[in-house]
Asker: 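Mind looking over this structure? Questions follow.
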Amino acid sequence: NEKLGFKKFAVLYDQSNAFAVSMLKPFKAYIEKRGGSVVAEETYTKSDKDYRAQLNKIKSDPGFIAALDQSGGSTPKALKLYGIDESEYSGDDEMFDLIHQMRSRIITNSAFNGERIVGAILFEQTMDREIEGKGTAEFLWQDKGVVPFLKIDKGLEDEVDGVQLMKPNPGLDALLERAKAKGVFGTKMRSVIKVADEAGVTANVAQQFEVGKQILSAGLVPIIEPEVDINSTSKAAAEQLLKARILAELDSVDGQIMLKLTLPEEDGFYTELVEHPKVLRVVALSGGYSRDEANRRLALNPGVIASFSRA
């Protein structure tokens, strides 16, 4: 600044680089000692480029989101469908080893790629393991072009007011920090609506958005999933309540979220959410419909993409 006469400076630095962060304070002191000032500071991380590419892929690319997030309770069924009976393994450790082998075979198959699959939802243990020497999330994005998400809920509470809320998750902040460091783009969390009870639906959606804001603050994109039970005797009415509450909650969101919703009774019912500026993408869950029925309903809802695990 002494040679060129500059007095005002802006600083751009990598906040994930300890050396860059450590140099900020002495740099500012050096400038101020010589009569200058730092008038603006901006940060970035080396993963920002990946994040923008992932954001664009999720927002615009055709395809579906693979649901590979079976947890402990649903793992035996998933393995049985894969051809491995419960008698063939002993204990959780062997079970989770087998499910990771299964998922690894799926993910490394040449048909599993970013041309058809825009994202994949992972179970926490899958995120913590490796595929071909890389962390699973890193492998998905770098080798397959598939955006990684993480299932973060800890199961469901007992039914109250016709809904099942998510169980408390006191370790969520630490989990989000770990997921971010491993290259995860977003999260998914599920609660359930069984009947069209206004108080229950309101509480359900409020909880989803409260946790969603916590996830956004951690730099991840939440998939909010208030599932409406396909066997509900008041399914259409519950969907009306649900959409109204989602639209109300979106007003207070700072950023963009995703939605994973049961395929509705009314064709094109969620178009208003598909087109909402704070909704990155609307994803459909099958909820127990057969694959043929889920596909039929999906075709009647333009702009919604699939993320079927039960169909």
Side-chain angles (χ1 to χ4, degrees), residues 47 50 54 63-114 116-156 166-190 215 218 220 222-223 225 227 260 283 285-286 288 291 306-311:
S47 63
D50 279 348
Q54 291 169 347
F64 65 94
I65 294 181
L68 303 176
D69 58 322
Q70 294 91 353
S71 55
S74 56
T75 296
K77 181 181 177 182
L79 285 172
K80 195 165 187 177
L81 290 170
Y82 190 62
I84 301 174
D85 192 79
E86 289 184 55
S87 62
E88 297 179 56
Y89 55 88
S90 175
D92 286 352
D93 289 344
E94 286 188 23
M95 179 180 73
F96 286 122
D97 285 344
L98 286 168
I99 199 73
H100 187 67
Q101 291 171 24
M102 180 192 84
R103 289 169 178 152
S104 296
R105 290 190 193 103
I106 292 170
I107 291 169
T108 54
N109 189 282
S110 60
F112 191 101
N113 61 68
R116 316 166 181 226
I117 304 164
V118 295
I121 304 168
L122 305 175
F123 177 49
E124 184 179 347
Q125 285 205 26
T126 307
M127 177 190 75
D128 287 335
R129 298 188 183 220
E130 293 186 347
I131 297 177
E132 296 187 357
K134 290 184 177 180
T136 303
E138 184 181 20
F139 182 86
L140 277 169
W141 178 244
Q142 294 182 359
D143 292 62
K144 290 291 186 168
V146 174
V147 179
F149 292 83
L150 175 67
K151 175 187 181 293
I152 56 95
D153 65 82
K154 300 300 181 184
L156 300 171
M166 296 180 289
K167 289 182 177 178
N169 191 352
L172 180 58
D173 284 333
L175 177 59
L176 296 175
E177 184 178 357
R178 194 153 52 85
K180 181 78 172 173
K182 289 178 178 289
V184 169
F185 172 81
T187 65
K188 192 219 75 162
M189 52 191 173
R190 173 178 173 263
I215 293 161
L220 298 166
I223 299 177
E225 184 186 4
E227 175 180 343
K260 186 170 181 179
V283 178
L285 60 94
S286 59
R291 187 177 302 169
S307 181
F308 301 161
S309 60
R310 281 172 276 178

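These numbers were taken from a predicted model, which means no experiment stands behind them. By convention here, the first residue in the shown sequence is residue 1.
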Asker: Between atom CG of Leu150 and atom CD1 of Ile223, what is the distance when rounded to the nearest 0.5 Å?
Answerer: 10.5 Å
Asker: If we only count heavy atoms from C-beta on, is the Ile152 to Ile215 side-chain gap below 4.5 Å?
Answerer: yes
Asker: Is the shortest heavy-atom distance from the side chain of Val147 to the side chain of Val118 under 4.5 Å?
Answerer: no
Asker: Using every non-hydrogen atom in the two residues, find where Leu220 and Val184 come nearest and quote the distance to one decimal.
Answerer: CD2-O, 3.0 Å
Asker: Let's go through Leu68 and Ile107 carefully: what are the C-alpha distance in whole Å and the side-chain angles of both, what is the deciding distance for side chain to side chain contact (heavy atoms under 4.5 Å, CB included) to 0.1 Å, and is it a yes or a no?
Answerer: CA-CA 10 Å; Leu68 303 176; Ile107 291 169; 3.9 Å; yes
Asker: Considering all heavy atoms of both residues, which atom of Asn113 and which atom of Ser110 are nearest to each other, and what is their separation?
Answerer: ND2-O, 2.9 Å
Asker: Is there a side-chain contact between Phe149 and Asp69 (heavy atoms, below 4.5 Å)?
Answerer: no
Asker: Run the side chain to side chain contact (heavy atoms under 4.5 Å, CB included) check on Asp128 and Arg178 step by step: do they pass?
Answerer: CA-CA 9 Å; Asp128 287 335; Arg178 194 153 52 85; 2.5 Å; yes
Asker: Return the CD to CZ distance between Gln125 and Phe96, rounded to the nearest 0.5 Å.
Answerer: 4.5 Å
Asker: Using every non-hydrogen atom in the two residues, find where Ser307 and Ile121 come nearest and quote the distance to one decimal.
Answerer: OG-CD1, 3.9 Å
Asker: Tell me, do Arg190 and Leu285 make a side-chain contact under 4.5 Å, heavy atoms counted?
Answerer: no
Asker: Can you name the nearest heavy-atom pair linking Met189 to Pro222, along with the distance?
Answerer: CE-CB, 4.4 Å
Asker: Does some side-chain heavy atom of Glu138 sit less than 4.5 Å from a side-chain heavy atom of Pro148?
Answerer: no
Asker: Quick one: does Leu79's side chain get under 4.5 Å of Tyr89's, heavy atoms only?
Answerer: yes
Asker: Report the distance from atom CD of Glu130 to atom NE2 of His100, rounding to the nearest 0.5 Å.
Answerer: 8.0 Å
Asker: Indicate the atoms forming the closest heavy-atom contact of Ala218 with Lys180, along with that distance.
Answerer: O-CD, 4.1 Å
Asker: Can you find a heavy atom in the side chain of Met127 that is under 4.5 Å from one in the side chain of Leu175?
Answerer: yes
Asker: Within this structure, what is the CG-CZ distance for the pair Leu122 and Arg129, rounded to the nearest 0.5 Å?
Answerer: 12.5 Å
Asker: Give me each pair satisfying salt bridge (charged side-chain N to carboxylate O under 4.0 Å, His left out) with a member in residues 78-91, each pair once, sequence neighbours excluded.
Answerer: none
Asker: Assess the residue pair Ile65 and Lys260 against the criterion (side chain to side chain contact (heavy atoms under 4.5 Å, CB included)); give the C-alpha distance rounded to whole Å, side-chain angles, the decisive distance to 0.1 Å, and a yes or no.
Answerer: CA-CA 10 Å; Ile65 294 181; Lys260 186 170 181 179; over 6 Å; no
Asker: Measuring from Leu140:CG to Lys134:NZ, what's the distance to the nearest 0.5 Å?
Answerer: 11.0 Å
Asker: Would you call Lys154-Glu124 a salt bridge at under 4.0 Å N-O?
Answerer: yes
Asker: Return the CD1 to CD1 distance between Ile117 and Ile106, rounded to the nearest 0.5 Å.
Answerer: 9.5 Å
Asker: Can you pull out every side chain to side chain donor-acceptor pair (under 3.5 Å) where at least one residue sits in residues 167-177? Sequence neighbours excluded, please.
Answerer: Asp173-Gln214
Asker: Would you say that Ser286 contacts Arg291 through its side chain, given a criterion of any heavy-atom pair below 4.5 Å between the two side chains?
Answerer: no
Asker: Taking Lys144 for the side chain and Phe112 for the main chain, is one N or O donor matched with an acceptor at less than 3.5 Å?
Answerer: yes
